[in-house]
Amino acid sequence: MSRFNDIEAALLSRMRALKAKPEKTINFLDLCLPLGDAGFTRNEIMEVLSALEQEKIIAFSPGNRLLILKKLPV
């Protein structure tokens with residue numbers, strides 16, 4: 001598995017742990033701090049989040065929040 005896929009899997013797992021679902025916002029720090037502790041850099045996390053935004057799964061919101069637009073991929 002590539003590093004990108006590892007980060008994506010960890011990110012989606014963390015989102016599920018935060019009970020992310022469509023039309024719900026989650027705090028960016030609640031999502032990223034545990035991933036940083038797991039050894040992922042901010043740039044790596046942002047790369048995956050940008051890909052999810054391009055796929056219209058999430059949207060960046062004011063106040064360091066992420067809006068979930070669609071059901072998370074499996």
Side-chain angles (χ1 to χ4, degrees):
M1 194 182 270
S2 73
R3 180 82 170 163
F4 182 91
N5 290 340
D6 290 342
I7 299 164
E8 183 178 37
L11 189 63
L12 291 173
S13 176
R14 182 68 185 143
M15 287 177 155
R16 287 185 189 93
L18 294 171
K19 302 194 184 322
K21 59 184 179 182
E23 301 305 316
K24 181 178 179 184
T25 62
I26 56 175
N27 187 317
F28 180 76
L29 295 176
D30 289 340
L31 184 65
C32 293
L33 288 178
L35 294 175
D37 292 343
F40 302 117
T41 68
R42 179 175 166 81
N43 286 342
E44 290 173 326
I45 295 166
M46 288 305 298
E47 183 180 326
V48 173
L49 288 173
S50 294
L52 292 174
E53 183 184 39
Q54 288 178 355
E55 294 174 18
K56 303 211 183 300
I57 294 171
I58 65 158
F60 295 102
S61 296
N64 284 332
R65 300 195 67 78
L66 297 172
L67 174 63
I68 309 302
L69 300 173
K70 293 182 187 175
K71 187 176 176 183
L72 299 176
V74 178

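Since we're looking at a predicted model, the values are computed, not measured. Positions are given from 1 along the sequence.
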What pairs of residues pass the salt bridge (charged side-chain N to carboxylate O under 4.0 Å, His left out) test when at least one of them lies in residues 23-34, not counting sequence neighbours? none
Trace of the side chain to side chain contact (heavy atoms under 4.5 Å, CB included) decision for Leu35 with Leu11: CA-CA 7 Å; Leu35 294 175; Leu11 189 63; 3.3 Å; yes
Sort and list the pairs that fulfil side chain to side chain donor-acceptor pair (under 3.5 Å) and have at least one residue in residues 46-67, not counting sequence neighbours. Thr25-Arg65
Hphob cluster co-occupancy, Leu67 + Ile45, side-chain heavy atoms under 4.5 angstrom: no
side-chain hydrogen bond (donor to acceptor under 3.5 Å, both in side chains) partners of Asp37, counting only residues at least two apart: none
Looking at Pro22 and Lys70, what are the two nearest heavy atoms and their distance? CG-C, 3.6 Å
Interatomic distance, CD1@Ile26 vs CZ@Arg14, rounded to 0.5 Å, equals 8.5 Å
Which residue in the set Ile68, Leu72, Leu69, Ile58 passes side chain to side chain contact (heavy atoms under 4.5 Å, CB included) when paired with Leu52? Ile58
Look at the side-chain heavy atoms of Ile, Leu, Val, Met, Phe, Trp and Tyr, link any pair under 4.5 Å apart, and say whether Leu12 and Leu29 land in one connected group. yes
Let me see the working for Phe28 and Leu49 under side chain to side chain contact (heavy atoms under 4.5 Å, CB included), right down to the final yes or no. CA-CA 10 Å; Phe28 180 76; Leu49 288 173; 3.4 Å; yes
